[in-house]
Participant: 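First the structure, then my questions, so here it is.
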2 protein chains.
Amino acid sequence: MPRTSTKAPAPAGRIASDYRLEDQVGFLLRRAYQRASSNLVDRIGSSDLTAPQYATLARLYERGALSQNLLGRLVAMEPANIRDVVLRLKKRRLVATRRDPTDKRLILIDLTAAGTALVEQLIPIEIACTATTLAPLKANERKQLYDLLGRLADG
Amino acid sequence: MPRTSTKAPAPAGRIASDYRLEDQVGFLLRRAYQRASSNLVDRIGSSDLTAPQYATLARLYERGALSQNLLGRLVAMEPANIRDVVLRLKKRRLVATRRDPTDKRLILIDLTAAGTALVEQLIPIEIACTATTLAPLKANERKQLYDLLGRLADG
DNA sequence: TCGATATCGTTATGATCATAACAATATCGG
DNA sequence: CCGATATTGTTATGATCATAACGATATCGA
């Protein structure tokens, strides 16, 4: 009786024996993000800021005072999540909050002087960190990656 | 006195006025992963499985019984985290655990019949989901993305 | 053999994440 | 003007995540 295949039998797969988790974008993206996030924490961890917290401060630095809701959208966080991040940053006096006088629903978030100083200190570090994460890629590959990721994220 | 720039002044940036959060890989990767994960949950959410839970089942399907620790490494999860995932899957009778007879430290994780049936049902769905996530890209771009992400994740 | 070292699983803590339900406020259309 | 609708922020629940510290078991070298 001829063998159906010259390959060794798959360890466990019965039906989808050609399936590989590594071929799924989501899995690759998750691991790549883990790496990037780990690189960032290694560098800015002494400030006790997480990646989302840093992103929040950086966005405020770029745009100035923002409502909590808009801030959340600009850092890709749900209302319930940006709320917690703002609370932690507020507890550390890196941001301050006030009510919008014209729209009583809104909470405006401001960088404090301490928050501004910290972002200005961390921004060059994160730029270097991005370079570290991208180190395995050549310049043209980095540009390509940005293009591809941007199109994926925007759907 | 000549204007130093014809551009409008940056909204709030004082020092790093040319910095943009969008230029940081970590931020792009996080958003792309959010999109991919959301696509997956939209499709397999009816099974009440999360992306990491699915990845865990898929890995067991590929490799057969694994120790909890090795399983965690193969799905990129810390020991404390894979433990919780295994507990949830075990509560739903999708996996079963037993002790390794030769190494009393190890807990071996097996797919149950129900778990196997569920993975086999979900694998084609996730393959379709990957296609959805990659829809904005052309075939050669997808291949390039995989190559770039793989090199990023592996450092 | 036996003690130093390494690995595995557990526990605890704190920070993201997504989702659903809800009250307060704004906005819009009739 | 005013009621339907939309937006903002909050609360609650449950699932990731990373990290550190710890006992139990294996392994390795003297």
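Below, chains carry the letters A, B, ... as their sequence lines are ordered, and counting in each starts from 1.
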Participant: Are the side chain of B/Thr97 and the backbone N or O of B/Leu108 linked by a donor-acceptor pair below 3.5 Å?
Facilitator: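 Looks like no, no N/O pair under 3.5 Å.
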Participant: Go through DNA chain D in 5' to 3' direction and return only the first and the last nucleotide with some atom under 4.0 Å of chain A's heavy atoms.
Facilitator: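 Using the under 4.0 Å cut-off, the span is D/dT7 to D/dA18.
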Participant: Heavy atoms only: give me the nearest B/Asp23-A/Thr130 pair and the separation to one decimal.
Facilitator: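 Looking at all heavy atoms of both residues, the shortest contact is O-CG2, 4.2 Å.
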Participant: May I ask you to list the residues of residues 71-85 of chain A, by number, that have any heavy atom positioned under 4.0 Å from an atom of DNA chain D?
Facilitator: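 A/Arg73, A/Pro79, A/Ala80, A/Arg83 - these, ordered by number, are the residues of the stretch whose heavy atoms sit under 4.0 Å from the strand.
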Participant: Polar atom pairs between nucleotides 2-4 of chain C and protein, under 3.5 Å, N or O only, would you list them?
Facilitator:
none

Participant: Does A/Arg30 reach the main-chain N or O of B/Pro52 with its side chain, forming a donor-acceptor pair under 3.5 Å?
Facilitator: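 Side chain of A/Arg30 to backbone of B/Pro52, a donor-acceptor pair under 3.5 Å: no, none is there.
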Participant: Heavy atom of residues 28-49 of chain A under 4.0 Å from DNA chain C: which residues?
Facilitator: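 Under 4.0 Å from DNA chain C: A/Tyr33.
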Participant: Using the rule that Ile, Leu, Val, Met, Phe, Trp and Tyr join whenever any side-chain heavy atoms are under 4.5 Å apart, tell me whether A/Ile127 and B/Leu21 fall into a single cluster.
Facilitator: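 A/Ile127 clusters together with B/Leu21.
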Participant: Any donor and acceptor pair, going by atom type alone, linking the side chain of A/Ser38 with main-chain N or O of A/Gln34 inside 3.5 Å?
Facilitator: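 The answer is no, because no donor-acceptor pair under 3.5 Å joins these two groups.
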Participant: Going by heavy atoms in the side chains, are A/Leu118 and A/Leu49 under 4.5 Å from each other?
Facilitator: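 A/Leu118 reaches A/Leu49 side chain to side chain.
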Participant: Should B/Ile44 and B/Cys129 count as side-chain neighbours, where that means a heavy-atom distance under 4.5 Å?
Facilitator: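 Result no, sub-4.5 Å side-chain heavy-atom pair not found.
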Participant: Can B/Asp147 and B/Arg151 be counted as an ion pair, charged N to O under 4.0 angstrom?
Facilitator: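 Salt bridge: yes.
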Participant: When the axes are fitted on five pairs at both termini, how much does the helix from C/dT1-D/dA30 to C/dG30-D/dC1 curve, in 10° steps?
Facilitator: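 Computed angle between terminal axes is 20°.
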Participant: Near DNA chain D, which residues from residues 99-110 of chain A have a heavy atom under 4.0 Å away?
Facilitator: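 Going residue by residue through residues 99-110 of chain A, the ones with a heavy atom under 4.0 Å of DNA chain D turn out to be A/Arg105, A/Leu106, A/Ile107.
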